[in-house]
Amino acid sequence: MRRSDSRSKSKFIFVTGGVVSSLGKGIASATIGCLLESHGLRVANQKFDPYINVDPGTMSPFQHGEVYVTDDGAETDLDLGHYERFTGATLSRLNNVTTGQIYYEVIQKERRGEYLGKTVQVVPHITDEIKGRVYKLAAQGYDVVITEIGGTVGDIEGLPFLEAIRQVPYDVGRENVLYIHLTLVPFIRAAAELKTKPTQHSVMHLREIGIQPDVLLCRTEQRFSDEIAAKIAMFCNVDSDCVFQAWDVDEIYRIPLVYHEQGLDRVLLRLLKLESPAGQADLSGWRRFSEQLDSREDTVHIGFVGKYVDLQDAYKSVYEALRHAGVANGVNVRIHRIEAEDVDAESLDEQLDHMDGVLVPGGFGSRGIEGKIAAAGHARRAKIPYFGICLGLQIAVIEFSRNVCGLTGANSTEFDQQSPHPVIDLMAEQKSIQAMGGTMRLGAYDCVVREGTRAAEAYGRPVIRERHRHRYEVNNKYLHQLAEHGLVISGVNEQTNLVEMIELRDHPWFVGCQFHPEFKSKPLAPHPLFVKFIAAAKARHLSHRRSREFHSERS
Ligand code: GLN
């Protein structure tokens with residue numbers, strides 16, 4: 001499968017991982033994109049996921065963590081979130097490929113007779129399909145495509161992907177391909193030594209598959225000496241300046257600087273025979289961000305009322321967006337994860353009153369719903385800044401309907417199909433849908449922001465575009481009653497006439513949005529709604545501190 005001339009303009013980087021999972025391959029790949037982009041190159045990050053699901057949209061957060069949504073409505077792996085946060089690229093469904101998608105496509109081609117009577121096999125048909133996904137992305141006009149292969153070397157599921165990337169140099173020329181391997185150099189406490197053997201074995205395994213890595217990125221708890229780096233280089237057959245260290249850092253957003261200081265971007269350009277269009281890396285934004293991280297003073301406390309709060313990754317983009325907004329406001333954001341099922345009327349004061357803000361994120365299913373409703377009600381009455389995202393907006397509307405409009409039993413039909421007041425309901429076109437995968441309202445839609453609202457103040461422009469992932473909507477039959485009692489509809493989709501944003505007057509900051517703003521927040525471009533939410537939380541924090549100081553001076 002020789003590539004045509006138009007595609008051979010691109011360079012290809014493949015990132016594999018070894019020894020153990022959770023080494024941060026996604027962040028390493030995103031950082032490679034960031035560094036190359038800082039030289040003025042057009043880059044696209046791509047993720048291969050060896051599981052059989054077509055996409056993670058049908059997986060439980062317990063299995064998969066967050067589902068990251070792109071502008072074009074693809075439900076993708078959370079590593080795409082890292083890619084978008086570390087680079088300027090806007091990703092699409094081309095950027096996440098699963099085994100499920102590859103087989104689905106190959107089987108459909110076979111049914112259409114496109115293989116002309118051949119026996120359809122993993123090699124070459126599955127591997128060709130995999131390579132085709134890389135070349136298709138490159139054909140969008142990128143200088144460099146960086147493809148991360150999920151899992152670790154040695155996983156059975158990953159083999160077709162590794163075989164496919166092994167073949168790529170035969171299509172595009174070896175000088176256009178780079179293999180990067182992320183590995184672990186563990187520190188064994190009992191021996192007080194760093195061990196290189198796992199890395200040697202991992203590279204040996206890759207070589208058995210036919211891939212010789214060009215660059216090694218070594219995760220390590222502590223920096224290692226040049227001797228150790230030289231030993232790794234020698235035994236793994238890589239150039240002596242191609243072993244890089246990724247020591248533990250307090251903040252992931254410092255990682256581009258850590259690699260740049262070791263010269264990773266220069267080595268990548270040299271190996272790929274690429275000129276730096278800008279002449280040198282411009283990482284001034286990342287440097288500034290790193291300085292801002294150090295100059296944060298106060299800490300604001302956010303009560304995060306969700307269902308998967310024990311999982312590190314379930315609300316990844318929301319946690320990141322809160323941190324970006326914290327830096328923008330010069331404060332640390334401490335997230336207090338509150339299990340929605342544990343919230344009840346009696347414990348509300350205790351759980352929420354010392355919070356500077358309350359956030360209810362997206363979610364599905366009825367578990368923990370009443371706890372979230374109670375939390376939104378408390379934030380409304382106690383005038384604690386509240387930010388409701390997707391389900392968090394629906395929760396705020398249910399609470400307002402019940403307790404301000406007097407609509408007893410108001411609910412979403414997702415949780416109570418017999419509710420006398422279905423203030424949140426399925427859209428007409430959703431009612432007939434049976435299949436679960438990829439059938440929600442997904443991707444970017446326009447929203448018109450109403451003048452004079454908190455939403456308008458945050459965005460500073462009349463039309464915004466944000467990403468969605470939900471089935472249920474505010475029921476327009478109740479709009480009149482909600483508005484009469486003071487709920488402000490601050491954003492609408494004018495094509496579909498659907499509510500996109502709500503807020504309250506006479507409250508420091510109470511905003512809900514039906515979309516997911518967290519997917520568009522970046523460290524160097526924090527999302528305005530998060531920035532304003534944290535600003536309101538900071539104001540509450542400072543006024544409480546002032547009043548504490550005042551009282552202690554008087555006593
Ligand atoms: N379960 C709600 C719906 O489907 C909210 C979804 C979400 O928060 N992402 O509309």
Side-chain angles (χ1 to χ4, degrees), residues 55-62 64-71 73-76 78 81 304-309 311 313-319 321 340-341 358-373 375-376 386-399 401 410-417 419 422-445 447 466-476 478 491 493 496 498-502 511-521 527 529-530:
D55 62 42
T58 53
M59 279 189 233
S60 149
F62 285 115
H64 186 271
E66 169 184 274
V67 173
Y68 188 79
V69 181
T70 54
D71 267 355
E75 297 176 279
T76 71
L78 55 79
F304 191 98
V305 188
K307 219 166 57 158
Y308 302 103
V309 289
L311 301 176
D313 283 345
Y315 306 104
K316 187 93 198 153
S317 294
V318 184
Y319 294 154
E341 272 185 311
V358 173
L359 191 149
V360 177
F364 297 86
S366 53
R367 185 168 70 81
I369 287 300
E370 291 302 323
K372 292 179 188 177
I373 293 173
Y386 175 87
F387 193 10
I389 297 177
C390 203
L391 178 66
L393 168 143
Q394 299 176 357
I395 290 290
V397 170
I398 295 168
E399 192 281 321
S401 305
N411 216 329
S412 163
T413 50
E414 181 179 3
F415 318 125
D416 178 6
Q417 297 210 350
S419 167
V423 290
I424 308 290
D425 198 7
L426 274 186
M427 287 179 287
E429 63 263 36
Q430 281 284 342
K431 289 194 172 147
S432 57
I433 291 177
Q434 300 282 321
M436 295 298 279
T439 55
M440 280 187 254
R441 182 174 179 226
L442 290 165
Y445 288 90
C447 163
E466 297 278 7
R467 299 179 190 172
H468 293 248
R469 182 172 186 252
H470 59 107
R471 280 184 215 285
Y472 294 80
E473 305 282 353
V474 175
N475 186 340
N476 283 347
Y478 288 90
N493 177 318
T496 51
L498 293 171
V499 171
E500 292 277 10
M501 299 190 72
I502 59 128
V511 173
C513 52
Q514 189 57 78
F515 46 77
H516 289 272
E518 68 272 23
F519 295 140
K520 286 177 76 167
S521 186
H527 193 285
L529 289 178
F530 281 91

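Values below: every heavy atom of this structure, side chains too, minus hydrogens, waters and symmetry copies. As the structure lists them, so they are numbered: ligands from 1, and atoms in each ligand from 1.
Classified by interplanar angle (parallel below 30°, tilted 30° to 60°, perpendicular above 60°), the ring pair H527/F530 is perpendicular. F304 and Y319 have tilted rings, their planes meeting at an angle from 30° to 60° on a 0 to 90° scale. Ring planes of H468 and F515: perpendicular class, angle over 60° (limits at 30 and 60°).
Only one option out of E75, E66, E518 pairs with R469 in a salt bridge (charged side-chain N to carboxylate O under 4.0 Å, His left out); it is E75.
Remark: side-chain polar atoms of E414 are paired, donor with acceptor, to backbone N or O of G365 under 3.5 angstrom.
For ligand 1 and H516, the ligand atoms under 4.0 Å from any heavy atom of the residue are 9 (N). Residue contact check: C390 has heavy atoms under 4.0 Å from atoms 5 (C), 6 (C), 7 (C), 8 (O), 9 (N) of ligand 1.
Within the model, atoms OG1 of T70 and CZ of R467 stand 6.5 Å from one another, a figure rounded to the nearest 0.5 Å.
Counting only heavy atoms from C-beta outward, the side chains of M427 and T496 never approach each other to under 4.5 Å.
Nearest non-hydrogen protein atom to atom 2 (C) of ligand 1 is E414 OE1, 3.3 Å. The protein atom (non-hydrogen) at minimum distance from atom 4 (O) of ligand 1 is R471 N, 3.0 Å.
Here's the thing with L391: one of its N/O atoms is less than 3.5 angstrom from an N/O atom of ligand 1. By the 3.5 Å distance cut-off applied to N or O atoms, M440 is not counted among the residues near ligand 1. Of the polar atoms of Y472, at least one N or O is found under 3.5 Å from an N or O of ligand 1, judged by distance alone.
In this comparison of M427, H470, H468, R469, the heavy atom closest to atom 9 (N) of ligand 1 sits on R469. The residue among S366, G362, G363 with a heavy atom at the shortest distance from atom 6 (C) of ligand 1 is G363.
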